[in-house]
> 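Can you read through this structure? Questions will come right after.
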Amino acid sequence: MVATAGTEDGSVSSLIAAPGNGGPTVLRILLGAQLRRLREAKRISLEEAGNVIRASHSKVSRLETGRVGFKDRDIADLLTFYGVTDERDREAMRDLASRANAQGWWHDYSDILPNWFEAYVGLEEAATQIRAYEVQFVPGLLQTGDYARAVFLLGYPTASPRELDRRVGLRLARQAILTRPTPPKIWAVLDEAVLRRPIGGAEIMRAQIKHLIEMSQRPNVTIQIVPFQAGGHAAAGGPFSILRFADYDLPDVVYLEQLTSALYLDKPDIVDSYLMVMERLCLEATTPAGTAKYMRALLKEL
């Protein structure tokens, strides 16, 4: 749980405690949100805060949105400027900053993990619900190892066997969130083309569909299929994911992956638009209860 807000005099209303999971990405966002509240309670501008830590207003903005790490000296100077004098509060925030600067488990894969995707892995770890719409591939959290390898071969045709092993290893390591004591709710809506495109060949695809059938039986996994017969639909723009979190300081995030980069959208009106599209897709898709039957019938066709 996080301190709810800075009080009007700029003090921290309670000590900050880190959430149970999520790693440094989430901790940076939480600490940044707390610093923003403290600054706004004192009606201090980004420029004024930047002057205190010998940086630009854009640096402060990046700190408050959790996009960069924290220097202990900067945290201490900002807390003093914002009027936070209680030593327990100061130590709690500085300790949180230290943990926010730690490296997540995915740092072991830094050789094959692009910077633009690193933030997603951290957010994925903290999410309580992940909704995804896919038009070409099975979502990464639901892929088998063989299917994942076939997908990577499409994007990295000259990769060495070791590099492919590393990429598949990272993808499978991410799937550990599905079996932890409090797993996130996964709700995947797949275009029928995802299941009919034989990625890696017929046998790998059959094994992947069987895996999806098994996964759909889990209480925290929902899978729906948008059949070809549904015609055009609201998500003609392409695949997207929506991540939701337990802590109110973490807004819903829409994730749009591109060829060599990604977009993270969290403005409420934009997120609401994607949520509306997702709801319409769910209405056009097979029911969760009917999805396994649909995939079994498809297996017979294949």
> More than 12 heavy atoms of other residues, nucleotides or ligands under 6.0 Å from NZ of Lys185: yes or no?
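Atom NZ in Lys185 is crowded, with more than 12 foreign heavy atoms closer than 6.0 Å.
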> Identify whether the distance between the nearest side-chain nitrogen and carboxylate oxygen of Asp269 and Lys267 falls below 4.0 Å.
no
> Is a donor on one side and an acceptor on the other found under 3.5 Å between the side chain of Tyr264 and the backbone of Tyr120?
yes
> Could you give the side-chain donor-acceptor pairs of residues 136-145 under 3.5 Å, partners two or more places apart or in another chain?
from: Gln143; atom 1: OE1; to: Arg171; atom 2: NH1; distance (Å): 2.9
from: Gln143; atom 1: NE2; to: Val138; atom 2: O; distance (Å): 2.7
from: Thr144; atom 1: OG1; to: Tyr147; atom 2: N; distance (Å): 3.1

> Is Tyr156 reachable from Leu170 through a run of hydrophobic residues whose side-chain heavy atoms are each under 4.5 Å from the next?
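In one cluster: no.
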> Just wondering, more than 12 heavy atoms not from Arg162 lying within 6.0 Å of its CZ?
no
> Let me see the working for Gln224 and Trp187 under side-chain hydrogen bond (donor to acceptor under 3.5 Å, both in side chains), right down to the final yes or no.
CA-CA 8 Å; Gln224 293 182 264; Trp187 192 344; 2.9 Å; yes
> Can you list the residues that meet the salt bridge (Lys or Arg N to Asp or Glu O under 4.0 Å) rule with Glu192, with sequence neighbours excluded?
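Counting only residues at least two positions away or on another chain, Glu192 forms a salt bridge (Lys or Arg N to Asp or Glu O under 4.0 Å) with Arg196.
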> Kindly write out the residues that satisfy side-chain hydrogen bond (donor to acceptor under 3.5 Å, both in side chains) with Arg28, not counting sequence neighbours, or none if the list is empty.
none
> Do Val271 and Leu265 have side-chain heavy atoms sitting under 4.5 Å apart?
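The answer is no; the side chains never approach within 4.5 Å.
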> For Ile223, does its backbone N or O pair with a side-chain atom of Thr291 as donor and acceptor, under 3.5 Å?
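Yes.
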> Measure from the side-chain N and O atoms of Gln129 to the backbone N and O of Arg244, and report whether any donor-acceptor pair falls under 3.5 Å.
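Here the side-chain-to-backbone pair does not exist.
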> Can you find a side-chain donor-acceptor pair between Glu125 and Trp105 that sits under 3.5 Å?
yes
> Can you confirm whether the side chains of Thr80 and Arg90 place a donor and an acceptor under 3.5 Å from each other?
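Thr80 vs Arg90: donor-acceptor pair found between side chains.
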> My understanding is that only residues two or more places apart in sequence, or in another chain, count here; which of them pass side-chain hydrogen bond (donor to acceptor under 3.5 Å, both in side chains) with Glu214?
none
> Under the rule for ring pair (Phe, Tyr, Trp, His ring centres under 6.0 Å), what residues qualify as partners of Phe81, not counting sequence neighbours?
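Testing Phe81 for ring pair (Phe, Tyr, Trp, His ring centres under 6.0 Å), a comparison that skips the adjacent residues, returns none.
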> Would Glu87 and Arg94 pass as an ion pair if we require N to O under 4.0 Å?
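No, Glu87 and Arg94 are not salt-bridged.
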> Identify, with sequence neighbours excluded, every residue that meets side-chain hydrogen bond (donor to acceptor under 3.5 Å, both in side chains) alongside Asp95.
Arg99
> Do side-chain atoms of Ser110 reach the backbone of Trp106 as a donor and acceptor pair under 3.5 angstrom?
no
> Thinking salt bridges, do Arg166 and Glu163 make one under a 4.0 Å N-O criterion?
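Salt bridge: no.
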> Does Asn115, at its CG atom, have more than 12 non-hydrogen atoms belonging to other residues, nucleotides or ligands within less than 6.0 Å?
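Counting neighbours around CG of Asn115, 12 or fewer heavy atoms of other residues, nucleotides or ligands fall under 6.0 Å, so no.
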> Quick one: sort the Phe240 and Tyr274 rings into parallel, tilted or perpendicular, breaks at 30° and 60°.
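Aromatic pair Phe240/Tyr274 classed perpendicular.
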